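The chains referred to below are lettered A, B, ... by the order of the sequence lines, with proteins before strands, and numbering in each begins at 1. Source: prediction; values computed, not measured. What you see below is based on every heavy atom in this structure, not just the backbone, and it leaves out hydrogens, waters and symmetry mates.
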Amino acid sequence: MTDWIDIGTLADIPQRGARTVQLAGEKEIAVFRTGDDHVFALINECPHKKGPLSQGIVHGHSVACPLHNWNIALKTGEAQGADEGCTPTIAVKQEDGRILIARPTALQAAA
Amino acid sequence: MELQLRGDGQADAQDDGLVPFEDVREHLVVVGNGMAGCRAVEELLARDAGRYRVTIFGAEPYVNYNRIMLSPVLAGEKSFDDIVINTREWYADNGIELIAGDPVTAIDRGAKIVKSQSGRAMGYDKLLIATGSDPFIIPVPGKDLPGVISFRDMKDVDTMLAAAEAGGDAVVIGGGLLGLEAAHGLTLRGMKVTVIHLMDTLMERQLDEAAGWLLKSALEGRGQTILTGANTEAIYGDGKVEGVRLKDGREIPASLVVMAVGIRPSTALAREAGIAVNRGIQVDDHMVTSDPDILAVGECVEHDGNVYGLVAPLWDMCRSLADGLTDQHSGYKGSVTSTKLKVAGLDVFSAGDFSGGAGCEDIVLRDASRGVYKRVVVKDGRIVGAVLYGDTVDGGWYFDLLKREEDVSEIRERLILGQAFASGGGALDPLAAVAALSDDAEICGCNGVSKGQVVSCIEAGNCSLDTVRAGCKASASCGSCTGLVENLLTVVLGDEVKSGPKTMCKCTSFTHDDVRREIVAQNMRSIPEVMQLLHWSTPDGCSSCRPALNYYLLCALPGEYQDDQQSRFVNERMHANIQKDGTYSVVPRMWGGLTNPRELRAIADVVEKFNAPMVKVTGGQRLDIFGIKKEDLPAVWADLNAAGMVSGHAYGKSLRTVKTCVGSEWCRFGTQDSTGLGVKIERMTWGSWMPHKFKIAVSGCPRNCAEATIKDFGVVCVDSGYELHVGGNGGIHVRATDLLCKVATEQEAMDYCAAFTQLYREEARYLERTAPWIERVGVDYIKQRIVEDEAGREALRARFLYSQSFSQDDPWAERAAGQHAELHQHLEPIAIAAE
């Protein structure tokens, strides 16, 4: 069983941008909207030095971390190119125009 | 006896009073120092360098240059030096005598002598006529008025540039390739241009009606007036050209008229010498005229009933000619021509016969939203013609199939989709496409270089674009085949390719300078438009190119361009500096480093109210408040605004600070009011976006307490005025400034500062500080633009101030008032649903 949390609509997130979600007792989550209107959710921390990925430049299905320009794949959370590291991802789905994310701890419990 | 060994030293021999060494080789005299004449000699040298003694006569007073590149010279994209094919050293190194600026006026075939305008007479064993063609001047009243010119040589370009300098209206008669290029260049040079074309379709010899219409609409979109089906009746004017009158009575005022209605072979010299001439000088398959010792090549000849006006056939002719002269007769078989060109940045391609007719099938693809039109004409299973507009990538492939008369029945259904699809792949792989080209497929149309030649050049050890350009000239002219050459490098060398001119980022094959030039030339207005028109390889760029494009557009279109927040680095989007823990630091502006109790109280209050863990005096003479959360930023700004403070742009690629010393108001050494001048300069320059951060300082005396000589722009006051310094940097590589000049008044110091800032804004590459920029372009260039060119300086200053009129709104005030509040807020989870 997964807890799905309604966090708003697509229009709440700027295209090629991100918004953050703070759930009680959880790490901050970054929810991204790409140029082709895909939505991804990741923990808002770069695997490198924990830079807030939500503030990076979104290009294609990647985001460039604002601190040191690491490129993180939005789908997998993996660092791209020569860099190594991975940011945890969070399941996300769109339903009836709403965006829903899975509660991260619920995922961990299920795993 | 010793002398006989020094056969090359004619002068020495004469000085010694002995009989000069005589060059006993056959003497080849070339009439015409243009592209055909010189190419013929190059081909000859490549086969047997020592065989002939060579003399070249040229009518123009220059070395051999690439005539088809006159358009970029007119457009300001290249200089004359860039289009020189062979330098004086080339003539000297190959023992060729060049007689430039002295046209040949007569041939005495009996005595085998040519005579020149200056009275020179020179004997020949073999004579090569390469006189090219003359512009056709339509016989209307007024055709001889001053201000009516053709577009054929450097002199015409100089005339056009002079006319453009004076501004005003120009008329180009002729909507063919040459006319449209002239019109484009004149438009870029600021003239209002009308093109008059007799036919209903522009470039009707290369384009069909549909493509011609697309081209016309696009050119009109660029601001030109295009009149098709327009017949010129007269050119009018009193003592100089004043306009053009059409048959239907319309009058179009103009201070310059360019006649570009066509060319005709230049045959007068041959005709007067009694050589057989029809439309052109008649030649056989070895380019020999009716006189066996006289050859002819290029646009002046007629071969098998055909006269050519394009460059590619000329390369074929020169090969056959050189083969013949070195006794390895190959024979010229005529040429099938294709045209691939850019007019005002628009891609156009045509080849073969596209008039259609019995037995011909048309395959047409239109993509209105992309502005693409493709038409391939097939007859008996073979391509006989093709017209491409907007997307010409597959032009070379169609042309290759056409020349080889390949049977395309098998791939007919997919033919129009281009090589990648037709070959069955589906995915577009440019490397596979170029690998699949035949060896004689033409890569570089400007210089007639085939794929086989490029590959040999690479295999001979040329591992970078630059060395390939130098080695075989492919991509050395207009550059439209650069991508093909780069792909060939990769195909041949794999990963060993040496990087060429640095491209902007991996999303494009263009350099920063290319992109910038094209943004202005094509009047691009948005990031998606740039990416579309310049063939970006990624859907929406990357974190390198997006901020650069955003800046270039902002700089090119002050007040018009809609800034793209998502293409800004976080600091410029948040108007604060992100720190390693994700919080922000906030720096309010302190004009010239001055502050007062009210400001200091407001800062102290903010620090306490928002629990800022640190406050620090910056290197730029102001206070930095650390540890502010993104949610609190608008409230912080509101409090600072309330005390009269605005954003210090400590986060931007923009003007940072103007550092000052106390100057003559307080300091016993101060010579001028450096503090006051610093404040004035900061009031003028704040808020301006730049390629990189930009720091200014004003010191009140040569003791230089404000460290003005390590700033981007520094002023050092002296008793007699103000020394202006540029290009300093206190960063990783400390660089002291270069002295720009000295001025007498504060106003001049301000004016020069504005002009210099604008020059940097317009010409430096994104993320290039002034120091590396100046090292790249040279301080002499900066002096020439800012100090020596008074009108240019004033124009730069005016453009800066115009741009500033849109950029001096405090971004903090907008945010404090609630704009983009979402940037500072979390999304609110509103419901939890379980499943």
Study note, to complete from the structure: When the 4.5 angstrom heavy-atom criterion is applied to Gln825(B) and chain A, the contacting part is both
For residues 73-82 of chain A, tabulate all N or O donor-acceptor pairs below 3.5 Å that involve a side-chain atom, not counting sequence neighbours.
unit_1   : atom_1 : unit_2   : atom_2 : d
Thr76(A) : OG1    : Glu78(A) : N      : 3.1
Gln80(A) : NE2    : Glu78(A) : O      : 3.1

Point to revise | For Ser654(B), all residues meeting side chain to side chain donor-acceptor pair (under 3.5 Å), sequence neighbours excluded | key: none
Review point. CD of Glu84(A): more than 12 outside heavy atoms within 6.0 angstrom?
Key: no
**Study point:** Close contacts, residues 57-72 of chain A versus chain B, judged by heavy atoms under 4.5 Å
**Key:** Ile57(A), Val58(A), His59(A), Gly60(A), Ala64(A), Pro66(A), Leu67(A), Asn69(A)
**Study point:** Atom pair CG/CD of Leu827(B) and Gln22(A) - distance to nearest 0.5 Å
**Key:** 12.0 Å
Review point. With only heavy atoms counted, which part of Ile29(A) is less than 4.5 Å from chain B, the side chain, the backbone, both or neither?
Key: neither
Check your understanding: Given the rule in the side chain to side chain contact (heavy atoms under 4.5 Å, CB included) test, do Lys580(B) and Lys49(A) qualify, once you have shown the distances and angles that lead to the verdict?
Key -> CA-CA 8 Å; Lys580(B) 60 188 288 185; Lys49(A) 302 240 167 159; over 6 Å; no
Practice item. Name the region of Gln15(A), side chain, backbone, both or neither, that has any atom closer than 4.5 Å to a heavy atom of chain B. Key: backbone
Practice item. Report the residues that fulfil side chain to side chain donor-acceptor pair (under 3.5 Å) with Asp809(B), sequence neighbours left out, ordered by chain and then residue number. Key: none
**Study point:** Short side-chain to backbone donor-acceptor contact, Gln55(A) and Val570(B), under 3.5 Å
**Key:** no
Exercise for review: Under 4.5 Å heavy-atom distance to chain A, tell me which part of Thr538(B) shows up: side chain, backbone, both or neither.
Suggested key: neither
Point to revise | CD/Glu560(B): more than 12 non-hydrogen atoms of other groups inside 6.0 Å | key: yes
Point to revise | Max heavy-atom pair count under 4.5 Å with chain A, selected residue of Gln565(B), His826(B), Arg546(B), Lys630(B) | key: His826(B)
Point to revise | chain A contact via Arg573(B) - side chain, backbone, both or neither, heavy atoms under 4.5 Å | key: side chain
